[in-house]
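Chain A is the first sequence line, chain B the second, and so forth, proteins listed ahead of strands; every chain is numbered from 1. These numbers come from a predicted model, not from an experiment.
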Amino acid sequence: MPTQENKQGSRPKFFITTPIYYVNARPHLGHTYTTVAADTLARWKRMRGYDVYFLTGTDEHGQKIERSAAKAGKTPQEFAAGVSSEFRALWDRMGLTYDDYIRTTEERHKRGVQHLFTVLQERGFIYKGTYTGQYCVWDELYVEGPPGTACPDCGRITETVSEENYFFKLSAFERKLLEYYEQHPDFIRPEARRNEVVAFVRGGLRDLSISRTSFNWGIPVPGDERHVIYVWMDALANYITALGYGSDDPTLLEKYWPADVQLIGKEISRFHCVYWPAFLMAADLPLPKSIVAHGWLLFEQSKMSKSRGNIVRAETVLDVLGADALRYFLLREIVFGQDGSFSFDALVQRYNSDLANGYGNLVSRTLTMIVKYFGGVVPEAKTANYRYKENAVLTDACEGIGSVAHFQEISISIGFDNLDFSHALESAWSLIGSVDGFITASAPWKISESSDPKDRQYLAEILYTAAESIRIITALAYPVIPDAAAKVWRQLGLGDITQADLKELQWGGLKPGTKLGQLGPVFPRAEKDAITRMQELEDKYPAQTATETAKQVPAIPVTEVAIPALVTKETVDTHTTHPAAVAPTPPAPEAKPHAPAPAVDATPTLAAAENPKIAIEDFAKVELRVAIVRVAERVPKADRLLRLEVDLGYEQRQIVAGIAEAYTPESLIGRKVVIVANLAPRKLRGLESNGMIVAASVGEKGTPVLAGFLEDVEIGARLK
RNA sequence: GGCGGCGUAGCUCAGAUGGUUAGAGCGACGGACUCAUAACCCGUAGGUCGGUGGUUCGAUUCCACUCGCCGCCA
């Protein structure tokens with residue numbers, strides 16, 4: 001078992017992983033968030049002298065992929081490879097410093113998983129049994145309940161299945177897991193997730209089905225090829241197969257396993273905190289040191305837009321503001337572990353106030369003065385070692401900055417080490433604030449007018465202090481904003497930051513006499529049109545799943561394809577190792593009282609004549625479309641509500657409609673209806689409704705009568 | 001339904017084992033400055049600390065209930 005630091009005194013190792021991303025969805029900001037966090041931590045640890053190994057990759061097996069590929073007219077291999085390469089291309093474009101990118105379709109992984117299966121089997125933790133129950137094909141999930149039960153995750157009706165499965169003796173690990181949690185309080189972070197996991201295990205563990213015979217797209221069970229290994233066991237094993245588990249070269253495994261930090265999204269904590277450790281225990285492998293679950297990234301609807309906006313592509317932000325801006329925003333704005341929200345508005349706000357006005361401007365004003373007053377050469381400072389005592393006021397001020405820098409460095413380091421990125425950055429930026437205040441208070445531009453040698457020295461002290469602070473801030477910010485930090489490093493005349501030793505950041509490390517490099521803006525202020533530009537870019541790329549891309553998307557004006565439902569139905573899938581899931585933003589608080597009610601929840605409109613006339617533009621805001629009902633069922637404990645799944649041709653979505661008193665579920669299936677497609681999502685009885693069925697309201701009771709057409713109309717068609 | 005969490009200034013959030021004027025950043029407003037990316041600096045902002053009731057000399061901080069939101073319960 002590898003130790004943290006071996007005897008030769010070589011560098012301590014640090015193995016960090018992200019989940020492997022399921023190729024059923026194309027990369028979006030949620031994936032980016034997880035991966036950026038991992039990259040930042042990897043860079044931080046590297047800079048502090050660790051031998052870092054950073055692993056990411058894609059999860060490519062399962063029935064869902066098999067089906068998506070078939071729809072797209074591709075083989076599962078082709079399909080998975082296509083999406084996997086999109087992920088990889090995005091990470092490469094962002095300059096993420098992963099050391100390995102594993103795909104579960106690779107031979108090394110397959111071999112490793114089969115080896116793991118065999119080991120568990122030999123050690124008596126796997127047996128064959130029969131499972132009969134409800135199964136959600138979409139989520140590849142077994143569900144409790146009688147036949148006809150809806151899947152708790154996606155709402156689809158489950159299928160009754162009975163199949164021979166291999167089972168893993170998870171029940172045997174209940175006590176051992178609880179003991180482990182007890183003895184390793186930091187194993188699961190944050191605490192809220194840990195408590196949930198502990199509660200779950202305390203509730204009792206049943207054995208886990210780990211194979212399927214109902215489809216083929218997976219890794220065959222060794223010696224029983226009718227079975228493929230269930231995606232979870234397959235996916236989780238990536239963390240060790242990437243290091244060579246099951247191969248004849250144990251070098252990496254011995255060196256890097258166990259992982260130091262495994263980053264995950266909170267929705268997959270059970271798999272990583274219960275199943276995964278149990279598998280490892282069963283295989284007699286050490287457990288990861290910590291599993292850190294972050295929150296979800298919610299997308300805030302921009303106030304200016306119609307009812308659009310959900311899945312944001314990282315590329316959009318990269319195009320307009322650059323990777324550093326995105327990285328900074330995600331890590332500064334969101335408290336790691338908690339849910340956070342993203343909006344173009346907040347992004348530009350942060351960018352301007354922190355990066356442009358804060359860091360960028362500080363660098364600019366300081367280095368410009370060094371050029372102006374000292375010919376671009378870092379001046380000699382005597383206070384560098386806190387020894388300059390001839391000018392008490394100056395010394396105090398400069399020493400003050402020196403100690404602030406020292407204090408903040410400690411605070412920032414603690415923040416990064418604890419994955420508390422937002423607080424680390426807060427500390428770093430508070431140092432920027434101190435230096436700005438210091439410069440303004442000591443007003444070097446005034447002193448520069450004096451010819452007194454004492455003042456000349458005073459000026460040198462001030463600018464040295466500012467420049468040295470910038471060096472330290474830049475080094476500490478490097479893990480988060482690597483491109484900008486590299487630029488500033490060169491401007492400071494320090495060369496290539498990737499070659500610099502940032503392990504120790506002693507005050508005074510900036511050598512007087514250093515010739516500054518070429519100056520130039522690091523974070524130019526974002527203009528007002530930045531938000532619009534990003535929105536326009538998004539409009540050009542309607543959010544799509546991999547499935548939808550592969551299918552032919554009907555010719556719909558792209559600006560009209562912004563659908564809240566995309567998020568819940570297509571993107572948040574509870575499948576395997578997932579990144580930050582993307583969830584729709586709940587309606588803004590102030591908008592709540594006005595949230596449009598779906599279906600006949602709305603009060604019947606009595607007299608249209610009484611209403612003021614509207615302009616055509618007003619009508620155009622309402623997106624009416626034809627959809628076909630695929631699934632209909634009663635909502636338990638709600639007399640009037642039906643849960644519908646309607647198909648718009650380009651997407652499926654769930655709508656909860658108050659029409660149960662007038663229509664039976666069976667009568668609706670296959671029926672074409674008119675829906676308001678751009679209605680903000682709303683929850684009814686805990687179910688999210690993404691749209692509203694259009695119906696006439698008849699009689700005193702307002703009995704709903706569904707709108708329809710005399711001719712057959714193709715689904716997805718818009719009513720104008 | 002069971003268990004747990006949250007609800008504090010326009011926005012994002014801190015905070016207190018209960019006790020003088022409840023904090024920060026951003027935004028807004030006023031002022032100052034000119035080295036700098038219309039940037040920076042200074043000042044101002046009165047938020048019933050979700051609601052009700054209780055314990056207490058005193059609660060936003062403890063308790064009960066209640067409303068709203070969220071997570072976990074294979």
Side-chain angles (χ1 to χ4, degrees), chain A residues 131 133-134 136 139 141-145 151-153 170-171 190-209 232 266-267 269-271 273-275 293 295-296 298 300 303 329 332-335 337-343 345-346 348-373 422-423 425-427 429-430 432-449 459 462-463 466 519-527 574 583 586-590 592 636-637 683 686:
Chain A
Y131 176 90
Q134 301 307 118
C136 173
D139 287 318
L141 195 71
Y142 286 113
V143 174
E144 289 283 301
C151 170
D153 283 324
L170 184 62
S171 55
E191 207 179 329
R193 298 280 93 75
R194 175 191 143 86
N195 294 342
E196 281 174 6
V197 169
V198 169
F200 175 79
V201 176
R202 284 214 177 107
L205 293 176
R206 297 204 302 268
D207 290 346
L208 192 67
S209 159
W232 267 113
K266 65 180 183 180
E267 71 285 358
S269 51
R270 194 176 76 222
F271 304 96
C273 302
V274 181
Y275 303 166
W296 287 353
L298 307 164
E300 203 163 72
K303 282 166 194 157
F329 177 86
R332 172 64 186 88
E333 185 84 3
I334 300 163
V335 177
Q338 293 180 19
D339 289 356
S341 65
F342 177 89
S343 71
D345 208 48
V348 171
Q349 180 68 51
R350 271 282 173 210
Y351 177 88
N352 275 336
S353 71
D354 292 9
L355 296 178
N357 299 350
Y359 179 66
N361 182 58
L362 175 62
V363 171
S364 175
R365 69 193 301 207
T366 303
L367 301 191
T368 302
M369 283 191 280
I370 292 179
V371 169
K372 272 191 181 169
Y373 309 142
S422 56
H423 285 105
L425 290 170
E426 198 180 345
S427 296
W429 259 253
S430 109
I432 289 174
S434 301
V435 178
D436 263 331
F438 162 73
I439 292 175
T440 304
S442 48
W445 49 92
K446 279 188 181 161
I447 300 165
S448 72
E449 292 162 4
L459 188 61
I462 295 164
L463 291 180
L519 302 191
V522 185
F523 288 113
R525 230 185 124 72
E527 299 305 324
T574 50
E590 67 271 24
K592 218 169 251 172
K637 292 182 232 165
K683 271 199 170 180

Exercise. Salt-bridge test for A/E191 and A/R194: reply yes if a basic N is under 4.0 Å from a carboxylate O, no otherwise.
Key: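 Salt bridge flag = no for A/R194 with A/E191.
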
Considering only the [atom1] atoms, how many Å lie between [N] and [M], rounded to the nearest integer?
N     : M     : atom1 : answer
B/C49 : B/C57 : P     : 22 Å
B/G27 : B/G10 : C1'   : 8 Å
B/G5  : B/U12 : P     : 23 Å
B/U48 : B/A22 : C1'   : 13 Å
B/U61 : B/A14 : C1'   : 14 Å
B/U8  : B/G46 : C1'   : 14 Å
B/U55 : B/A9  : P     : 29 Å
B/G53 : B/C67 : C1'   : 15 Å

Distance-minimising heavy-atom pair for [X] and [Y]:
X      : Y      : result
A/S422 : A/V335 : OG-CA, 3.7 Å
A/R525 : A/A356 : CA-CB, 3.9 Å
A/E267 : A/F271 : O-CE1, 4.4 Å

Quiz item: Is a side-chain N or O of A/W429 found less than 3.5 angstrom from the main chain of A/D354, in a donor-acceptor match?
Solution: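 Flag set: sc A/W429 to bb A/D354 pair under 3.5 Å.
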
Quiz item: For A/G360, does its backbone N or O pair with a side-chain atom of A/S364 as donor and acceptor, under 3.5 Å?
Solution: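 Pair absent, no side-chain N/O of A/S364 close to backbone of A/G360.
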
To the nearest Å, give me how far apart [atom1] ([X]) and [atom2] ([N]) are.
X      : N     : atom1 : atom2 : result
A/I432 : B/G25 : CD1   : P     : 14 Å
A/R206 : B/C73 : CZ    : C1'   : 12 Å
A/D354 : B/C40 : CG    : P     : 10 Å
A/W429 : B/G25 : CH2   : C1'   : 14 Å
A/E426 : B/G23 : CD    : P     : 17 Å
A/H423 : B/G25 : NE2   : C1'   : 11 Å
A/N352 : B/G25 : CG    : P     : 18 Å
A/Y275 : B/A74 : OH    : P     : 9 Å

Exercise. Would you give a per-nucleotide map of nucleotides 29-39 of chain B, 5' to 3', where B means the base has a protein non-hydrogen atom under 4.0 Å away, S means only the sugar-phosphate does, and - means neither?
Key: ----SSBBB-S

Quiz item: How is A/Y351 classified with respect to the nucleic acid when contacts are heavy atoms under 4.0 Å: base, sugar-phosphate, or nothing?
Solution: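 The answer is nothing, as A/Y351 stays clear of every strand by at least 4.0 Å.
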
Quiz item: Hey, does A/L205 reach any base, or is it just sugar-phosphate, or nothing, if we go heavy atoms under 4.0 Å?
Solution: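 Base, at least one base heavy atom under 4.0 Å.
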
Self-check item: Pairing stems for RNA chain B [at least three consecutive pairs; Watson-Crick or G-U; under 3.5 angstrom]
Solution: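 Detected stem regions: B:1-7 with B:67-73, B:10-13 with B:23-26, B:28-31 with B:41-44, B:50-54 with B:62-66.
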
Quiz item: How long is the span from the CD1 atom in A/I462 to the OG1 atom in A/T366, to the nearest 0.5 Å?
Solution: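 The distance works out to 11.0 Å.
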
Quiz item: Just how far is it from atom CD of A/E426 to atom OG of A/S430, taken to the nearest 0.5 Å?
Solution: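 Nearest 0.5 Å value for the CD-OG distance: 8.0 Å.
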
Quiz prompt | Proximity to RNA chain B (any heavy atom under 4.0 Å), residues of residues 193-204 of chain A only | solution =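 Output list: A/R193, A/E196, A/F200, A/G204.
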
Practice problem: Just do the side-chain contact (heavy atoms from CB on, under 4.5 Å) check on A/Y359 and A/L362 with the steps written out, would you? | Solution: CA-CA 5 Å; A/Y359 179 66; A/L362 175 62; 5.8 Å; no

Heavy atoms, side chains only, cut-off 4.5 Å: are [X] and [Y] in contact?
X      : Y      : value
A/M369 : A/I439 : yes
A/V348 : A/F329 : no
A/L205 : A/F200 : yes
A/K372 : A/L463 : no

Quiz prompt | Along RNA chain B (nearest heavy atom to each residue), the more 5'-positioned of A/R332 and A/S434 | solution =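 Here A/R332 is the residue nearer the 5' end.
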
